[in-house]
Amino acid sequence: MLQISNLKKHFGGIKAVNNVSFEIQENKITALIGPNGSGKTTVFNLISGILKADSGRIIFNKEEITNKKVNEISNLGVSRLFQQARLFNNLTVKENLLLAINNEDTKFWKNLINYKFTDEDYKKINKIAEVVGIESFMNKQAGDLSFGQKRLVEIARAIINPHKLLILDEPVAGVNPKLRKEILLLLKKLKEKGEAILLIEHDMNFTLNIADNVIVMDEGKVIAEGNPKQIKNNKNVLEAYLGE
Ligand SMILES: Nc1ncnc2c1ncn2[C@@H]1O[C@H](COP(=O)(O)OP(=O)(O)O)[C@@H](O)[C@H]1O
Ligand SMILES: [Mg+2]
C-alpha cells in the first residue's frame with residue numbers, strides 16, 4: 001500500500017536518508033528499526049510531509065504523495081504518532097480526544113472555541129477509550145498522566161479518525177515494562193482489526209515480537225530486511241547496534 005523508492009534527504013553534509021527503498025503491505029506490521037541517528041524519524045517526516053525529499057518517490061495507494069502537504073497526506077489516510085508528546089496538558093484526556101475528532105486546520109479551531117460535540121462524538125471517544133484501554137483515566141488532566149499513559153492517549157488520538165496507515169515513531173521509548181506490554185497487545189489487536197502499521201523503533205526486541213516484516217536502517221541506508229527471525233540472526237544488524 002505504501003512504496004518508497006530511492007528516497008533521499010540530506011542536511012548539509014549529513015546524509016540522513018540516503019537512497020532508501022522499501023514497501024509497506026496492508027494488514028501487516030512493518031517495523032523500521034536502527035540505531036540512534038540512522039534516519040528513522042527523517043523517513044517518518046518525509047512520509048508525513050513534514051520534510052521535503054531531495055529526491056525519490058513515495059506512493060500511497062497508487063497515488064504519489066512525495067512532497068504533498070501534511071494535511072493532504074493525513075486526509076488521504078496516513079495517521080501519525082510523533083516521537084515527541086503532543087497532548088494538551090491542561091485539558092482532560094476526554095477533551096484531548098474530542099479535539100482530535102476531525103482535526104483539520106479550520107475544524108480544530110472551531111472545536112477549541114465553541115463547537116458543540118454531538119452524541120456521536122462522545123460515542124466515538126468512548127469506543128476508542130475501550131479499544132486502547134484508557135477508560136479509567138478519561139477525566140484526568142493529561143498533564144497528570146504517566147509518560148506511558150500519555151503514549152496510550154496519543155495512540156488513541158492517532159486512530160480516532162478514519163485512516164488506512166498508522167505510523168508510530170518510537171511508541172514505547174521511555175515507557176515502563178507494564179505499559180510497554182499493554183502497547184504491544186494493543187498493536188497486535190489493531191493488526192487483527194486490519195490496520196496497516198509502520199512501527200518505527202529503536203528497541204529491536206520490542207519489534208521482533210510483533211512485526212511481520214523488519215527493515216533495518218544504519219547511517220541513512222537500509223542494511224537488512226526480512227522477517228524477525230532473519231533479522232535477529234543478521235550479522236550486519238548486530239554490528240550496527242553494537243557500534244552505536
Ligand atoms: N533538521 C535536521 N537538521 C540537521 N540534521 C538533522 C536534522 N534532522 C535529523 N538530522 C540528522 O540526521 C540524522 C538522522 O536523524 P534521525 O532521522 O532523527 O534519526 P533516528 O530517528 O534514526 O534517530 C542524524 O545524524 C541527525 O542528527
Ligand atoms: Mg527518531
Side-chain angles (χ1 to χ4, degrees), residues 2-24 29-58 60 65-70 73-74 78-87 147-148 150-152 154-155 157-158 165-176 179-180 183-184 187 197-211 213-226 228 231-232 234 236-244:
L2 185 97
Q3 284 101 21
I4 292 179
S5 40
N6 307 109
L7 198 61
K8 270 190 199 165
K9 179 71 188 179
H10 296 182
F11 298 107
I14 299 169
K15 296 174 176 177
V17 173
N18 192 11
N19 214 18
V20 161
S21 304
F22 66 88
E23 264 187 47
I24 295 170
I29 298 183
T30 305
L32 178 61
I33 68 169
N36 280 322
S38 54
K40 305 182 298 296
T41 295
T42 306
V43 169
F44 174 95
N45 287 335
L46 290 168
I47 297 173
S48 22
I50 294 161
L51 287 173
K52 302 263 169 272
D54 294 342
S55 59
R57 300 180 78 192
I58 307 172
F60 179 58
I65 60 164
T66 331
N67 299 340
K68 273 200 194 301
K69 295 203 183 85
V70 174
I73 295 171
S74 109
V78 180
S79 259
R80 299 151 296 157
L81 173 83
F82 293 92
Q83 191 167 0
Q84 311 296 340
R86 293 192 170 193
L87 292 177
F147 183 76
K150 280 188 187 168
R151 284 316 248 172
L152 279 172
E154 287 189 287
I155 294 174
R157 222 171 43 157
L165 172 67
L166 177 62
I167 319 182
L168 309 162
D169 196 359
E170 305 219 12
V172 297
V175 173
N176 71 47
L179 282 178
R180 219 168 229 269
I183 292 178
L184 182 86
L187 295 182
I197 299 175
L198 175 64
L199 172 62
I200 298 180
E201 211 16 271
H202 171 264
D203 182 340
M204 178 165 21
N205 289 322
F206 180 80
T207 58
L208 295 182
N209 279 323
I210 44 168
N213 191 33
V214 184
I215 293 136
V216 188
M217 282 184 76
D218 188 32
E219 296 182 352
K221 287 186 177 298
V222 173
I223 59 160
E225 186 169 355
I231 295 302
K232 211 171 172 172
N234 184 302
N236 294 339
V237 176
L238 295 174
E239 267 171 22
Y241 269 88
L242 279 177
E244 203 182 356

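First listed ligand is number 1; within each ligand, the first listed atom is number 1.
In terms of the side chain to side chain donor-acceptor pair (under 3.5 Å) criterion, D218 has no residue partners (sequence neighbours excluded). Among residues two or more places apart in sequence or in another chain, the side chain to side chain donor-acceptor pair (under 3.5 Å) test is passed with S48 by none.
Taking 4.5 Å as the limit, every side-chain heavy atom of V175 sits out of range of all side-chain heavy atoms of F206. Residues V20 and L46 have side chains not in contact (no heavy-atom distance under 4.5 Å, counting atoms from C-beta outward).
Side chain of S21 to backbone of N6: a donor-acceptor contact under 3.5 angstrom is found. Without hydrogens or angle criteria, K40 side chain to P35 main chain gives a donor-acceptor distance under 3.5 Å.
Crowding of R57 atom CZ: a count of heavy atoms from other residues, nucleotides or ligands under 6.0 Å not exceeding 12. The neighbour count for E219 CD, taken as heavy atoms of other residues, nucleotides or ligands under 6.0 Å away, does not exceed 12. Summarising the local packing, NZ of K69 is surrounded by 12 or fewer heavy atoms from other residues, nucleotides or ligands at distances under 6.0 Å.
Counting only protein atoms, the N, O or S atoms lying less than 2.8 Å from the Mg ion (ligand 2) are T41 OG1, Q83 OE1, ordered by chain and residue number.
Listed by chain and residue number, the protein contacts of ligand 1 are F11, I14, A16, P35, N36, G37, S38, G39, K40, T41, T42 (heavy atom within 4.0 angstrom).
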